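Here the structure comes first, spelled out in structure tokens, and everything after it is commentary.
Keep in mind that the numbers below use all heavy atoms, side chains included, and drop hydrogens, waters and symmetry copies. Everything quoted here is computed from the prediction, not taken from an experiment.
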Amino acid sequence: MLFSDNTYNPTTGASSYWYVNENRQPTYAPALTLVSGQRLELDVTSLKTSIADVIFAVAQLPGEPEARINRLNVNGNGYVRNDATTAIIAYRSVYQDESRPASATFGVTLHGFPGTYQMQARGYGTDGRQYSKAFEVTFGEPNDTPAGSNVETNITTPDGDLLGTLTFANVIQGGDTTVSQVTLGPDAPRNFKIFRAGGQPQYFDISTNAVFSGNVEVCIHYDDANLSDPSKEPDLELGHYDDETGSWTVITSPGSPDTANNVICGITTSFSIFALLESEVIDADDDGIADDVDNCPATGNVGQQDFDGDGIGDACDSDGDGDGWPDATDHCPNYAHSDNGDLDGDGLGDPCDSDLDGDTASNAIDNCPTVANADQTDFDGDGTGDQCDVDDDGDTVADAGDACPGSDLGAVIDAVGCTSPQRFEAACPIRGVYRNHGQYVSCVAREADAQVALRLISKDDKGVIVSTAAQAKVTTTGK
């Protein structure tokens, strides 16, 4: 890091420069525009200087790959003016230029003499773009923090105005404490916004080289004229940003803020960024439910319905029933199931379809619930419809091997499922064509012998059957 204090004499033009190089890596905090990092001890440069650690995040362009920078240039100017004439009597600058492996975040540590500097950061992206951000930093005056108990250190502006106080429970080794102000910093925690002064967000970056233990009470004065909603002044909180976790903690002391004197206090054990937080109920979807308790903060869900109880409201849950099937392809979006089949192709999944086969007979009464069987026929009356019954006629011979499906119920059958009449009709059909009547009778006699052997009929039955055949009328050719 490089910074200079260029004090010049308007008459002689003489000037002097003081450069200090520091090659330290700061703490990173992803996705923040400007945050505080670890502190350097003030005496590595001069007790006159102050420190502000900042981390810049690259603005990401929608629909494009993540932008990264490998070089960051930060510079700014401050002026010291004559209080009576306002003429410039000193010119001061802060400058730093660092290069390192490309990253979406880039941290720097700035040193400067007390005063306000208008800063510009320029990041050079690996995508060929240049990213820039203007901000303001006010380096505070280092204040003496001696060893002892209940040590009080004032927080002052470069002009000597009192910003507040720090009270250390126990300072083991004295040092100097600085409070710098910056206009950019981490986003406020949910349901809060950063207190603004002069139209700009106000962050307090506190650092010290004193060695201390125990608590430190941080008290900051504020101007209630800057409140965005004066009625919410009692709800003001003091926030402390943790560089390591990248999160805010509300540290407000009981009984604070003191609205009569416009002072807010909090308790901390470490230093970094502090800010006043104004209460702001955020309801992004305008459904009357604050975002911090809304199970669909970006989508209206007034009733907060959450079918699967996963903490994500139904209105924004891509898997409303939590069964692993996204709603867009789930045939039963409100019924948890492992099978997403749709047998009848009606768009309603099998687990939640009251008519699986789509034959208009509901599953509860359908004698073939998975095979269309609209007329509900059940030849053998066994409760299983013919369309899905493997033995329609109930003769114990499965349909696949039954030569005579539809046999009379309870009739005696042969090995392939045929009754005596069915065999006669197959072997010697009464409507067949024969050379003469005798041929037909001989056919019936042979089949009767076969059936006697199979015990389908008795010998007496044979006699009756053959006699009947002799009297039957059949078609003959006379040849």
Checklist entry - Can you check whether V218 reaches I206 side chain to side chain, under 4.5 Å on heavy atoms? => result yes
Checklist entry - Does any N or O in the side chain of D127 come within less than 3.5 Å of the main-chain N or O of R129, such that one atom is a donor and the other an acceptor? => result yes
Checklist entry - Any side-chain heavy atom of F139 sitting closer than 4.5 Å to one from T178? => result no
Item to check | Contact check, side chains of S228 and K193, non-hydrogen atoms, under 4.5 Å | outcome: yes
Item to check | Rounded distance [0.5 Å steps], CG in D258 versus OG in S253 | outcome: 12.0 Å
Checklist entry - Which distance, rounded to the nearest 0.5 Å, do you find between the SG of C219 and the CD1 of I264? => result 9.5 Å
Next on the checklist: Checking T153 against T177 for the side-chain hydrogen bond (donor to acceptor under 3.5 Å, both in side chains) test, could you report, in this order, the C-alpha distance in whole Å, the side-chain angles of both residues, the deciding distance, and whether it holds?
Outcome noted: CA-CA 8 Å; T153 297; T177 301; 4.8 Å; no
Item to check | Heavy-atom pair with the smallest gap, counting every atom of D306 and G311 | outcome: OD2-N, 2.8 Å
Checklist entry - At what distance, to the nearest 0.5 angstrom, does CZ of F192 lie from CD of E280? => result 10.5 Å
Next on the checklist: Is the shortest side-chain heavy-atom distance between N154 and L162 below 4.5 Å?
Outcome noted: yes
Checklist entry - Distance only, no hydrogens: is a donor on one side chain within 3.5 Å (strictly under) of an acceptor on the other, for N295 and Q305? => result no
Next on the checklist: Checking E233 against T259 for the side-chain hydrogen bond (donor to acceptor under 3.5 Å, both in side chains) test, could you report, in this order, the C-alpha distance in whole Å, the side-chain angles of both residues, the deciding distance, and whether it holds?
Outcome noted: CA-CA 7 Å; E233 183 178 2; T259 58; 5.0 Å; no
Next on the checklist: Walk me through whether N226 and Q202 qualify under side-chain hydrogen bond (donor to acceptor under 3.5 Å, both in side chains).
Outcome noted: CA-CA 11 Å; N226 289 316; Q202 190 175 44; over 6 Å; no
Checklist entry - Taking C-beta and beyond as the side chain, do T183 and Q181 meet within less than 4.5 Å on heavy atoms? => result no
Checklist outcome for this item: Of all heavy-atom pairs linking S279 and D235, the shortest is CB-CB, 3.9 Å
Item to check | Atom pair CG (D242) and CD1 (I273), whose distance is rounded to the nearest 0.5 Å | outcome: 12.5 Å
Checklist outcome for this item: Scanning both residues in full, the closest heavy-atom pair of A188 with W248 reads CA-NE1, 4.1 Å
Checklist outcome for this item: When rounded to the nearest 0.5 Å, the distance separating CD1 of I251 from CD of E217 is 9.5 Å
Checklist entry - Looking at F274 versus Y241, is the centre-to-centre ring distance below 6.0 Å? => result no
Checklist entry - Any side-chain heavy atom of F204 within less than 4.5 Å of one from H240? => result no
Next on the checklist: Whether the N75 and N73 side chains hold a donor-acceptor pair (N or O, under 3.5 Å, no angle test) is what I'd like checked.
Outcome noted: yes
Checklist entry - Looking only at heavy atoms, what is the nearest atom pair of G266 and L238, with distance? => result N-CD2, 3.6 Å
Item to check | Minimum-distance pair of heavy atoms, taken over all atoms of Y131 and A67 | outcome: OH-CB, 3.2 Å
Item to check | Residue pair G300 / A315: nearest heavy atoms and the distance that separates them | outcome: O-CB, 3.5 Å
Item to check | F135 vs V74, side-chain contact (heavy atoms from CB on, under 4.5 Å): CA-CA, chis, key distance, verdict | outcome: CA-CA 10 Å; F135 66 100; V74 182; 4.2 Å; yes
Item to check | S149 and V151, any side-chain heavy atoms less than 4.5 Å apart | outcome: no
Checklist entry - Are any non-hydrogen side-chain atoms of L227 and F195 less than 4.5 angstrom apart? => result yes
Under 3.5 Å, which donor-acceptor pairs do the side chains of residues 165-175 form with other protein atoms, sequence neighbours left out?
unit_1, atom_1, unit_2, atom_2, d
N170, ND2, S213, OG, 2.9

Next on the checklist: Quick one: does any side-chain atom of T269 pair with a main-chain N or O of N215 as donor and acceptor, under 3.5 Å?
Outcome noted: no
